[in-house]
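The structure appears right after this line, and notes come after that.
Values below: all heavy atoms of this structure, side chains included; hydrogens, waters and symmetry mates excluded. Since the structure is predicted, the reported quantities are computational estimates derived from the model, not experimental observations.
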Amino acid sequence: MPDITVQVTFSDPSTFSFDPPIASLNAAGKILFQRKPASAAWTFVSINNLPSQFTWRIKGNGSEIEVDDAFTSSGEFGYTITVHDAS
């Protein structure tokens, strides 16, 4: 399964958009959340509420979160992304 890139944009007031809105894997792989535009002032801090089959790390000084899915079970999993608004 190829990795998936999700573009994350912010618009006032406090509205985030995810493109694509759902990231689906059918085997082990990575989901890369990228800040768009790359020059935006906000940064990723963490991703929470994922089961233990997922591991994650911040990349690019907060411009990306990379999530590894070991795919030990299938299903739909929600999450919460925390950001820091440096503007």
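Evaluation of the side-chain hydrogen bond (donor to acceptor under 3.5 Å, both in side chains) rule for N61 yields no partner, not counting sequence neighbours. Partners of D68 by salt bridge (Lys or Arg N to Asp or Glu O under 4.0 Å), not counting sequence neighbours, listed by chain and number: K30, R57.
Cluster annotation: I47 and W42 are assigned to the same hydrophobic cluster (Ile/Leu/Val/Met/Phe/Trp/Tyr, side-chain heavy-atom contacts under 4.5 Å, transitive). Linking Ile, Leu, Val, Met, Phe, Trp and Tyr whenever their side-chain heavy atoms come within less than 4.5 Å puts F18 and V67 in one cluster. The cluster map of Ile, Leu, Val, Met, Phe, Trp and Tyr, joined by side-chain heavy atoms under 4.5 Å apart, puts I81 and W56 in the same cluster. Under the 4.5 Å side-chain heavy-atom criterion for grouping Ile, Leu, Val, Met, Phe, Trp and Tyr, V6 is not connected to L32 through any hydrophobic cluster.
When all heavy atoms of V45 and V83 are compared, the pair lying nearest together is CG2-C, 3.7 Å.
Looking at F77 and N49, their side chains never come closer than 4.5 Å, going by heavy atoms from C-beta outward. For the pair F44 and R35, the minimum side-chain heavy-atom distance is below 4.5 Å. Counting heavy atoms from C-beta on, the side chains of V8 and F16 come closer than 4.5 Å.
No side-chain N or O of T80 forms a donor-acceptor pair with one of N48 less than 3.5 Å apart. Counting only N and O atoms by type, the side chains of Q34 and S63 include no donor and acceptor under 3.5 Å apart.
F71 has its ring centre no less than 6.0 Å from the ring centre of F54.
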